Amino acid sequence: DPRFVSKLELAVRFGKVLVIQEVDGVEPILYPLLRKDLLRQGPRWVVQVGSKLVDYNDSFRLFLVTRDSAPTLPADASALINLVNFTVTRSGLQGQLLGVTINH
């Protein structure tokens with residue numbers, strides 16, 4: 001998707017937060033960013049995004065979101081990604097509501 005590549009390049013260049021939803025796997029274009037394969041070009045840092053070298057801003061953040069509670073990732077990707085499970089269970093929600101009720 002050419003729009004995806006363009007949005008990715010702009011987010012990396014300007015230090016924006018990029019949220020990619022409904023991720024089933026890690027696209028190959030993301031690996032240089034996940035590994036932080038940065039190259040020095042004079043006073044600036046650049047990273048390979050697709051076929052282009054893009055200026056890298058330290059404020060850039062990438063979030064991959066999936067509905068799968070236990071995503072299967074390749075071994076090389078799982079070593080680069082922090083997995084956070086935000087699944088809400090019935091007992092967890094009951095505990096939170098009980099805590100709020102007791103505090104009030």
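Quick caveat, the model's predicted, so the values are computed rather than measured. In this chain, numbering begins with 1 at the start of the sequence shown.
Shown here for L38 and W45, the closest heavy-atom pair between the two residues is CB-CE3, 3.6 Å. Heavy atoms only, all atoms of each residue included: K36 and Y56 are closest at CE-OH, 3.4 Å. When all heavy atoms of A77 and V26 are compared, the closest pair comes out as CB-CG2, 3.8 Å. What you find for A11 and L18 is that their closest heavy atoms are CB-CB, 4.1 Å. Between T101 and L97, the shortest heavy-atom contact is OG1-O, 2.8 Å.
V19 and I29 are members of different hydrophobic clusters when ILVMFWY side chains are connected at heavy-atom separations under 4.5 Å.
Atom CD of Q94 is separated from atom OG1 of T89 by 8.5 Å, given to the nearest 0.5 angstrom. Taking CG of L98 as the start and CG of L93 as the end, the distance is 11.5 Å to the nearest 0.5 Å.
Counted within 6.0 Å of CD on E9, heavy atoms from surrounding residues, nucleotides or ligands total more than 12; the atom is thus considered enclosed. Counted within 6.0 Å of CZ on R3, heavy atoms from surrounding residues, nucleotides or ligands total 12 or fewer; the atom is thus considered open. Crowding of D24 atom CG: a count of heavy atoms from other residues, nucleotides or ligands under 6.0 Å not exceeding 12.
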Worked check of side-chain contact (heavy atoms from CB on, under 4.5 Å) between I20 and F4 | CA-CA 9 Å; I20 304 173; F4 170 72; 3.6 Å; yes
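With sequence neighbours left out, Q41 forms a side chain to side chain donor-acceptor pair (under 3.5 Å) with R44.
Only one option out of L53, V54, D37 pairs with V46 in a side-chain contact (heavy atoms from CB on, under 4.5 Å); it is L53.
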